[in-house]
Number of protein chains: 2
Amino acid sequence: MSSSLGTRLVPPPGAGWFAHRSVADLAADLRAGRLGPRDLVETALAELHRWEPVVNAFVTVDEAGARDAAEQAARELAAGVDRGPLHGVPVAVKDLIDVRGLPTTAGSHHFEGRVATDDADCVRRLRAAGAIILGKTATHEIAFGPTGDRAANGPARNPYDPGRMTGGSSSGSAAAVAAGVVPLALGTDTGGSVRIPAACCGVVGLKPTHGALSTQGVLPLAPSLDTIGPLARTVADARLLWTVLSGTETTPATSRLAWLPPDSIHPTLPEVTALVRARLGDLPEVAVPQAEALRAAYSTIQGSEAYAVHADRFTAAPGLFGEEVRERLRAGGEIRGWEYVRARELRDRARGEVLNLLREHGILALPTVPFPAPLLDARAGELGDVRAALLSLTSPWSVLGLPAVSVPAGLVGELPVGLQLVGPPGSEHQLLTIAEHL
Amino acid sequence: MSSSLGTRLVPPPGAGWFAHRSVADLAADLRAGRLGPRDLVETALAELHRWEPVVNAFVTVDEAGARDAAEQAARELAAGVDRGPLHGVPVAVKDLIDVRGLPTTAGSHHFEGRVATDDADCVRRLRAAGAIILGKTATHEIAFGPTGDRAANGPARNPYDPGRMTGGSSSGSAAAVAAGVVPLALGTDTGGSVRIPAACCGVVGLKPTHGALSTQGVLPLAPSLDTIGPLARTVADARLLWTVLSGTETTPATSRLAWLPPDSIHPTLPEVTALVRARLGDLPEVAVPQAEALRAAYSTIQGSEAYAVHADRFTAAPGLFGEEVRERLRAGGEIRGWEYVRARELRDRARGEVLNLLREHGILALPTVPFPAPLLDARAGELGDVRAALLSLTSPWSVLGLPAVSVPAGLVGELPVGLQLVGPPGSEHQLLTIAEHL
């Protein structure tokens, strides 16, 4: 793979209208009367229909609902009711999250036709902020996979190269934002499911502190790991969405950063390491001694909890799961209780150690994924098992419940690469501020 | 089995000197100079040697250490240093708990010759209060069993009938107190291991709130369930020991009690139910809807965690475990992670429900064990599997982390029966106060 170290990220060829405007620009245009919410919805729908045959990012498009919401947003703005920067802005929601009146398929035949009777808590927050739900985005089946190419509705495809995966599991949310179809999207992240597709598709993805947002109305994958996070084109846009989701205010950031050499966790493409490191300048290096063990603990905790969530479906109708997810579920169901207990004990021990490390050295910086987006269906590569590799640099922080953000670092060849920042619990705004300054 | 409803508990025939004195009496005698700590130690050693061939309650007797400690206690009292009501009083410690310089065998060949280099936290508290450690008492092997008749040093025997089990796993602590060899002993309780032998041997046993006492220096069985608790002849004595262990003060008790029919959890001998109920008078009845499920959750959580603790020993030298414990460990190791996850989810759900029940109805009262002490080696009886039955009325509260006390309710035939009180977290002193008034 050719390296183009130093190449700043550019949107994918043919990227839609939203790839060239910030949410702040949209907000200003809406308030100046240069654009209305209806314009934004129609533009988003047009871009969606143009891109959908390429990327397969949406499972459900709610044209009527989005147009109704645009009308209401327009009426409110005209009447002087201003719900803030997301008022009238189209947002896409991962199809693992309930949106009232729309199906939540979770990318699985098991959930076909299951229409949500209520909004998830996070969707309620979006609506209260005036955001317009455009539709439901593709997810790796039941969110159980970092590739995004296994789903009842077929694989999501990378806007930079439709022969490549988006990463997953929030595949459609990342692809839709990268393609400029929507400015913002919601994903979920259990071991990397926001950060990995964000890195592979060249957008920003934030995985918050475990427990920071209510997961009510979201199909669980592994409850002790599950989080909901924003995807956006820029850090500033991601911050606007995070502020709405969390109800928290921006906080000042310390500027201390430390470099965590990714090869200490998983073999990483040298071009990826070099590109990410070049973005950061000279930093002190640190090691996270338990990172390897935390990766294994992730599989144990995630596999056991995922089977606990899906055991009844697995027993009743295993054939409704796709082959790969079925096999991964089966393997998760075989994990022993004592292994799960030991994984949680490791989590508790390592958490204290890593929190000390963060106190001493500040925010950790490393690549998000060891290589750019692999080809669709790739399962083994020069750096080993593709799924394990995709998760390797993100899952340790999930086990520890820590927040992490992935921001585009540039292109390697013609594919985006992500830079990941990891901080202590509650440091989401700090991570975003540091990411903005990079 | 003949019932003698209404028979107040009497000590077992031939009970030792300490069966007829309260700790408060001893404290008064020590301070009045009527007795010295050396007298108490020599009396305890003499009773021990008289009873040991009958009950097999001790694994290690520290004659020299106890005599030295008695000398020191005597010197301090003579010099006006008064460490409180346990000063100079002999105490026995379950052989799962480290006492510096003595072996901690845990009743297993796996731990033979392992001499503790430090006192457990709870032992440190005893010594700071001036108590004298007489020796280490028998435990069911690795505390994994409610019968007390499987241990490297042979079965412990019930002072009321040496052909019967003591109950377990704190078998020797209960037997030693019941036999009047020591006034006080420490046990551990994971699913009933203080309360069950207390009930079977006719003494008082307190299982505190999970997490109330440090378990540092105590061999774990199932860390999310393990507690350390006092055994004593009377509630007042148990309170003195609990006060020293916990550093907490007596609190006033509400007097609300509710009767939990034991048959709603496990079939119970009618004579046991009648005797316990007669002690309580007229009470409103309540039901704990999840109690059956909590019993199953106990086995799942305990089995997984116990295997996690002992997996390396089990793999390296399974033959060093006794046959029964080995088989129970093996079965625990087979439990799946997803089952453990579901058991913990049930625990979390049920905890809220039971806490509401306690808020509404007050303290729950029920028998401690569905029948009096079974014959040694009994594994199946008219009320089903003996081990499951022994644990059935105590383990649900262990899963919920709640404190519970077992107090003697009287005799059925010539065997003691226990009455159990269960309260909200932190209600240990309340439970003891109510128990004292019964």
Side-chain angles (χ1 to χ4, degrees), chain A residues 142 144 190-191 210-211 214-216 219-226 293 296-316 318 321 325-352 399, chain B residues 142 144 190-191 210-211 214-216 219-226 293 296-316 318 321 325-352 399:
Chain A
I142 64 167
F144 198 162
T190 300
H210 184 258
S214 159
T215 55
Q216 184 280 328
L219 183 72
L221 174 61
S224 85
L225 299 161
D226 292 343
Y298 173 76
S299 296
T300 301
I301 294 171
Q302 191 272 354
S304 298
E305 295 188 6
Y307 193 86
V309 169
H310 293 286
D312 301 341
R313 278 178 284 273
F314 185 85
T315 308
F321 289 111
V325 164
R326 183 167 70 241
E327 171 51 26
R328 297 191 88 185
L329 272 176
R330 191 202 56 70
E334 288 298 313
I335 294 166
R336 296 304 197 267
W338 67 276
E339 297 174 301
Y340 180 84
V341 168
R342 286 196 167 180
R344 289 191 65 133
E345 286 169 356
L346 172 74
R347 164 195 274 183
D348 292 343
R349 276 200 311 279
R351 196 174 151 85
V399 171
Chain B
I142 65 167
F144 198 161
T190 300
H210 185 258
S214 160
T215 55
Q216 184 280 327
L219 183 71
L221 174 62
S224 85
L225 300 161
D226 292 342
Y298 173 76
S299 295
T300 303
I301 294 171
Q302 191 271 354
S304 299
E305 295 189 5
Y307 193 86
V309 169
H310 292 286
D312 300 342
R313 277 179 283 273
F314 185 85
T315 308
F321 289 111
V325 163
R326 184 166 69 240
E327 170 52 26
R328 298 191 89 184
L329 271 176
R330 192 202 55 72
E334 287 299 312
I335 294 165
R336 297 302 196 268
W338 66 275
E339 299 174 300
Y340 180 84
V341 168
R342 286 198 168 179
R344 288 192 67 133
E345 286 169 357
L346 171 75
R347 163 195 275 184
D348 292 343
R349 276 199 311 279
R351 196 174 151 84
V399 172

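- Taking every heavy atom of both residues into account, A/A308 and B/R342 meet most closely at O-NH2, 2.8 Å.
- If you tally non-hydrogen atom pairs under 4.5 Å between each of A/V309, A/I335, A/T300 and chain B, the highest count goes to A/I335.
- When heavy atoms are compared at a cutoff of 4.5 Å, B/E305 approaches chain A by way of both its backbone and its side chain.
- Considering only heavy-atom pairs separated by less than 4.5 Å from chain B, the leading option among A/E339, A/E345, A/R344, A/E334 is A/E334.
- Scanning all heavy atoms of the two residues, the minimum distance from B/S304 to A/W338 falls at O-CB, 3.3 Å.
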